[in-house]
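Quick note on labels: first sequence line is chain A, next is B, and so on, each numbered from 1.
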Number of protein chains: 2
Amino acid sequence: MAVIDDVARLAGVSKATASRALSGRGSVADATRQRVLQAASALDFRASPAAVSLATGRTGAIGVLAPAIDTWYVSTLLRGIAEAALAHDLDVVLYDLGRGAEMRERVFERFLQRHHIDALISTTFALTHREVSRLASIGIPAVALGDGAAGVRSWCLDDERVGTLATEHLLSLGHRRIAHVGGSTVLDESLFAAERLRERGYQRAMRAAGLQPEPTLLHDPTADASYAHALSMLRAPDRPRAVFAATDEIAMGILLAARSLGLRVPLDLSVVGVDDHAYAGAFDLTTVRQDPREHGERIVDWVVADLRAPSGDTSHELIAPELVVRGSTAPA
Amino acid sequence: MAVIDDVARLAGVSKATASRALSGRGSVADATRQRVLQAASALDFRASPAAVSLATGRTGAIGVLAPAIDTWYVSTLLRGIAEAALAHDLDVVLYDLGRGAEMRERVFERFLQRHHIDALISTTFALTHREVSRLASIGIPAVALGDGAAGVRSWCLDDERVGTLATEHLLSLGHRRIAHVGGSTVLDESLFAAERLRERGYQRAMRAAGLQPEPTLLHDPTADASYAHALSMLRAPDRPRAVFAATDEIAMGILLAARSLGLRVPLDLSVVGVDDHAYAGAFDLTTVRQDPREHGERIVDWVVADLRAPSGDTSHELIAPELVVRGSTAPA
DNA sequence: CTGTTAGCGCTTTCAG
DNA sequence: CTGAAAGCGCTAACAG
């Protein structure tokens with residue numbers, strides 16, 4: 001491993017000049033820069049990130065804090081983040097919180113300990129005040145996707161709007177008996193606040209139409225749990241004619257249950273989900289779309305810009321959802 | 001941010017002693033160690049990873065190189081890796097290769113440049129000789145999950161066995177017209193070798209039973225593509241009575257297509273997949289199980305041990321698959 | 001525009 | 001068992 005001294009010597013300049021030529025900071029005569037660059041590539045020189053980091057305070061990495069990375073939403077988001085980070089020549093270090101929040105404190109202490117990242121992207125659950133100020137005190141700016149904390153720039157899908165959009169779609173088709181199946185009653189309070197907002201949007205839309213909301217919350221919003229729940233919900237004599245599911249995964253469980261009960265979708269039952277999950281097309285599922293991959297890219301771009309020139313921007317931005325109509329919904 | 005000097009001063013010892021006490025390396029009087037530890041916690045001291053890394057050459061992070069992280073397999077694996085890494089107090093830095101392999105060289109150059117990780121876990125596709133020796137020359141050991149390169153410790157699901165297991169299950173039920181739907185004919189050669197092995201296992205089992213194999217390879221192994229393909233496959237007059245799908249995702253597409261054509265599963269059609277995907281239960285899908293989360297943990301444990309005491313072990317280990325029978329398969 | 005001189009914060013010989 | 005001193009490899013003033 002060649003070090004910068006070797007490069008400097010080969011180019012016949014000092015370490016400082018070599019450093020300037022390589023980093024682009026500071027002015028160097030063009031001819032000199034060329035020589036340094038050539039020497040560097042001849043020696044296959046790569047700066048030690050530890051040394052750079054020690055000298056500059058910059059690590060060249062961003063952290064991502066996320067629950068349940070084996071999830072469509074989070075993994076798709078991660079993909080967007082990873083791609084954008086690559087484009088900006090940043091490493092991404094991943095902190096998985098698992099399903100619950102038990103690991104949270106541990107993870108937090110752990111990565112706070114190391115000043116290993118230049119910025120933190122927190123997803124899905126809200127950061128606490130203490131966490132934010134803790135990060136700020138060691139100079140790590142945080143941004144959030146999903147529930148944002150005060151003092152932190154954040155983006156969040158307009159989840160209440162998601163609920164009204166989905167519900168109004170069903171209402172506009174003439175449905176009256178519209179159920180809602182959401183999730184996450186037992187998980188950490190700060191997690192999955194989104195689903196409570198979706199439920200609220202549903203309730204609003206129903207009441208506005210003079211109808212009685214009938215929400216159910218699964219304690220575990222998986223396809224399995226949803227399937228089991230839908231089986232009993234759809235067997236009831238006064239079964240709903242339409243369902244707004246808080247996620248596509250829940251919707252899939254419902255669709256599968258409906259078919260195994262012999263109900264025809266959308267003739268006997270209309271279903272709308274949320275996400276536009278990778279399988280939504282195969283299920284021909286009407287859904288409210290969000291694009292986590294694009295969100296990931298957008299956030300990384302913002303973080304990179306803010307790292308270069310801190311903006312102090314701590315605004316909370318709502319992302320507008322979009323209805324995608326497929327074949328799982330039809331007039332009542 | 002307190003530095004080690006502050007701790008040393010508060011404890012009334014030298015930096016060197018403080019460092020020894022904190023790291024546990026070298027011998028320190030018990031009383032002294034106690035004072036140092038107290039001072040450290042009083043000052044909320046955390047060693048700068050950049051400084052540690054510069055002095056020791058260790059980074060405290062492992063890299064994961066993976067294609068398509070927004071995939072059930074990879075994201076579940078990632079979860080196992082992240083959890084195990086957390087337990088070992090290691091950061092995990094993520095390199096996503098996307099779907100194809102265009103990014104590969106770029107990513108490779110990029111993280112080679114930085115000596116930012118202590119070890120690399122490569123997943124799904126094989127490392128080239130050049131890549132392995134390149135990594136070795138800068139002292140980064142690599143391990144592989146999936147196709148392993150020579151000189152690299154690796155684990156791999158026994159994919160040919162997967163194919164025979166699935167096919168033999170269908171044969172044992174009395175099926176004769178068994179189709180196979182696999183994937184990835186257009187992607188990078190080194191990617192998804194797994195599916196070719198699964199196909200080979202299928203061919204072997206079919207020939208051994210004196211039957212004619214009928215494999216199809218989707219150029220894009222998604223649920224959507226699978227759905228579209230299955231529609232035409234199942235409409236043919238001489239349609240298969242059983243299908244071995246190379247992944248659960250492909251199987252789901254087939255199941256959805258079958259149902260939309262009015263075919264009853266498993267009465268009119270038996271389907272077996274591979275993975276035991278999170279949705280396999282909801283689909284009541286018979287499948288050949290693999291457990292990427294557990295694989296991730298196992299690999300990290302191995303890497304950690306090898307980092308402590310290099311074993312020189314470069315063996316290639318096959319992981320035995322396991323058939324999980326559910327309701328999507330029945331006697332012919 | 002370029003070289004010299006100090007560090008960044010930690011670990012590690014080497015003496016004592 | 002402990003302290004002094006010498007780096008790890010790079011960048012950032014500060015002169016010139």
Just how far, in rounded Å, is C1' of D:dT11 from CG of A:Leu22?
-> 12 Å
Okay, side chain of A:Ser315, backbone of A:Glu317: is any donor-acceptor separation there less than 3.5 Å?
-> no
Go through C:dG9, D:dG9, D:dG3 for me and flag the one nearest to the A:Ser48 side chain.
-> D:dG9
So does A:His316 have more than 12 non-hydrogen atoms from other groups sitting under 6.0 Å from NE2?
-> yes
B:Asp5 CG - C:dG9 P separation (whole Å) | 10 Å
For A:Gln34 and C:dC1, what is the distance between atoms CD and P respectively, to the nearest whole Å?
-> 14 Å
Starting at CD1 of B:Ile4 and ending at P of C:dT12, how long is that distance when rounded to a whole Å?
-> 11 Å
Within the distance-only criterion (no hydrogens, no angle test), does the side chain of B:Arg35 pair as donor or acceptor with the backbone N or O of B:Ala11 below 3.5 angstrom?
-> yes
Should B:Asp291 and B:Arg298 count as an ion pair when the cut-off is N to O under 4.0 Å?
-> no
Closest to side chain of A:Lys15, choosing from C:dT11, D:dA12, D:dT11 | D:dT11
Ignoring the backbone of A:Ala29, work out which of C:dC10, D:dC10, C:dT2 is nearest its side chain.
-> C:dT2
Does B:Ser27 place a side-chain N or O at less than 4.0 Å from the phosphate oxygens OP1/OP2 of D:dT2?
-> no
A:Trp155 and A:Trp302 aromatic centres sub-6.0 Å | yes
To the nearest Å, give me how far apart CZ (B:Phe45) and C1' (C:dT11) are.
-> 11 Å
Just how far, in rounded Å, is C1' of C:dT13 from CZ of B:Arg25?
-> 14 Å
Donor-acceptor pair present, B:Arg20 side chain and D:dG3 base, under 3.5 Å = yes
Take atom CG of A:Leu54 and atom P of D:dA12, then tell me their distance rounded to the nearest Å.
-> 12 Å
Would you tell me if any nitrogen or oxygen in the side chain of A:Ser14 comes within less than 4.0 Å of OP1 or OP2 on C:dT2?
-> no
Check every strand shown and say whether A:Ser23 touches a base, only sugar-phosphate, or nothing at a heavy-atom separation below 4.0 Å.
-> nothing
Which part of the nucleic acid, if any, lies within contact of B:Ser53, taking any heavy atom under 4.0 Å across all strands shown: a base, the sugar-phosphate backbone alone, or nothing?
-> nothing
Check whether any side-chain N or O of A:Thr56 sits under 4.0 Å from OP1 or OP2 of D:dT11, and answer yes or no.
-> no
State whether A:Thr17 places a side-chain N or O below 4.0 Å from either non-bridging phosphate oxygen (OP1 or OP2) of C:dC1.
-> no
Calculate the interatomic distance between A:His115 atom NE2 and C:dG9 atom P; express it in whole Å.
-> 10 Å
When B:Ala55 and B:Val13 are each assigned the nearest nucleotide of DNA chain D, the 5'-most assignment goes to B:Val13
